[in-house]
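Here's the structure we're looking at; comments come further down.
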Amino acid sequence: MIAIIDYKCGNIRSVGNALSRLGAEYCLTSDPAAILAADKVILPGVGNAAESMERLRESGLCDIIKSLRRPVLGICVGMQLMCRRSEEGDTQCLGLFDTDVRRFPDSAEAKVPHMGWNSIGNPDGKLFKGIPGGSFVYFVHSYYPGLCSDTIATCRHGDVLFSAALRYENFYGTQFHPEKSGVTGSAILQNFLNL
Amino acid sequence: MVTKRIIPCLDVKDGQVVKGINFQSLREVGDAVEMGVQYSRDGADELVYLDISASLEGRRTFVRLVERISMGIDIPFTVGGGISSADDAARLLDAGADKISINTAAVSSPGLIDEIAKRYGSQFVVVAIDAKCIDGKWICTTHGGSRLTRLDLFEWALEAQERGAGEILFTSMDHDGTRNGYADAVYASLASQLSIPVIASGGAGTIEDIRRVLTEGRADAALAASIFHFGEIPIRKLKASLRQSGVNVRL
């Protein structure tokens, strides 16, 4: 059973739908017992990091997430909440990944939000098994996690090279939306299910 | 770099895809979910579903359809048509839509853009603008092009951006349905004034039309309907051809 953490943040339905298409069973939950019992946990997220972090705190799930030893996947803002802090609303985050989240600089060629399909560089490890560098995935974000020793895939938007995916021990995160990234995204989610 | 997007648009009436010529004389072309799945397999980058049902029953059917679309397709999709409140937007978000597009309602109550963007983020809000050129000025229209406003296209697009729109989808009513190419110069001007992405709509007839609006027109995405629905231009072929002429697209 996969637990998708429900903390009242944005479009979580599409993550569940993507799991269904892969034949995986999932539940949307904010129940600590269900999250602790799950084989794998997904922390989704869309929208504002400061507000999302506030809701996650209100849900009382921060310490439970940090205590998990089974595979955890943060998606988009969900991944940002697993970093140290975010420039968005100057937000203290969970500190699982050793990097901060910053805003893209405004530029004429590299519009903000970074929205659309972009290619990933140097995808590494089991999450990207069978996914070659240069594969396209779907991004929608105005803030990005920096490069660090936890980086397992990169992406470039304008002059900024950032972490498209991160991993620390059992914690994984993708800045892109695997549930919206077509065949490539499904393969990445399947890799996560196979961990 | 982020690639230029190709977006098939599906007009939906009572759950079926239809395509109007100049928003009139509709004809049915297929099942909305099946067509979406087919387009995503063919390499479409996103989809837009516009509900053109006039009735309340039609609207309800559309929300159920959005749930089915969300289950069936694995690329982002925008839904629009008849959204007049933040609650309408919330229902579509809950049904699984990635973005909503608002048009007439944004013109009549611009604060709706702020409200939805604040609640769900700018990435969720596409402001669609239908405009036509009158005496050399681009004037916005509402109600599917049938009513003229006093709004200038460029001023309104800038205001929408400031209020929190994540993208502008501009349709030239003068080009829509003609298949003679997009309003390239207008898009180039919009793109130079806005910092958010611009989606071009209206006028696609050939691969060259799409290439031009993505290069000279500087649009971030090209939307089209009939050339895709009737299989005249397969998306794969279109994208291969764009890539060959130096346009950065996802293959």
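Below, read A as the first sequence line, B as the second, and so on, with proteins coming before strands; counting in each chain starts at 1.
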So does V2(B) get a backbone contact from the side chain of W117(A), meaning a donor-acceptor N/O pair under 3.5 Å?
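Such a contact is absent between W117(A) side chain and V2(B) backbone.
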[atom1]/[X]: more than 12 non-hydrogen atoms of other groups inside 6.0 Å:
X: D159(A); atom1: CG; result: no
X: F154(B); atom1: CZ; result: yes
X: R102(A); atom1: CZ; result: no

Considering non-hydrogen atoms only, spot the tightest contact between I196(B) and K111(A) and give its length.
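That would be O-NZ, 3.4 Å.
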Heavy-atom closest pair, residues T3(B) and F136(A):
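Residues T3(B) and F136(A), closest heavy atoms: CG2-CE2, 3.3 Å.
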Quick check: do K180(A) and D98(B) have side-chain heavy atoms less than 4.5 Å from each other?
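Touching, per the 4.5 Å side-chain cut-off.
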Are the side chains of K99(B) and M115(A) in contact, using a 4.5 Å heavy-atom criterion?
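A side-chain contact under 4.5 Å exists here.
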Interchain contact, [X] with chain B, by part (heavy-atom threshold 4.5 Å):
X: S181(A); value: backbone
X: S142(A); value: neither
X: R21(A); value: side chain

Taking every heavy-atom pair that is under 4.5 Å apart, which of K118(B), E67(B), R218(B), R119(B) has the most such pairs with chain A?
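The option with the most such pairs is E67(B).
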Winner by heavy-atom pair count (cut-off under 4.5 Å) against chain A, out of A191(B), G121(B), S195(B):
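Top option by heavy-atom pairs under 4.5 Å: S195(B).
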Measuring heavy-atom distances to chain A, does R250(B) have an atom under 4.5 Å in its side chain, in its backbone, in both, or in neither?
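Both backbone and side chain.
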Side chain, backbone, both or neither: which part of A95(B) has an atom under 4.5 Å from a heavy atom of chain A?
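It is the backbone, since no side chain atom gets that close.
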Pairwise distance OG(S14(A)) to CD1(I69(B)) - rounded to 0.5 angstrom
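Between S14(A) OG and I69(B) CD1, I get 13.0 Å after rounding to 0.5 Å.
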Salt bridge flag under 4.0 Å for residues R13(A) and D94(B):
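Judged by the 4.0 Å cut-off on N to carboxylate O distance, R13(A) and D94(B) do not form a salt bridge.
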In residues 23-34 of chain A, what donor-acceptor pairs under 3.5 Å come from side-chain atoms, sequence neighbours left out?
residue	atom	partner	partner atom	Å
T29(A)	OG1	D31(A)	N	2.9
D31(A)	OD1	A33(A)	N	3.2

Taking only distance into account, with no hydrogens and no angle test, what donor-acceptor pairs under 3.5 Å do side-chain atoms of residues 71-87 of chain B form with protein atoms, sequence neighbours excluded?
residue	atom	partner	partner atom	Å
S84(B)	OG	D88(B)	OD2	3.1
S85(B)	OG	D87(B)	N	3.4
S85(B)	OG	D88(B)	N	3.1

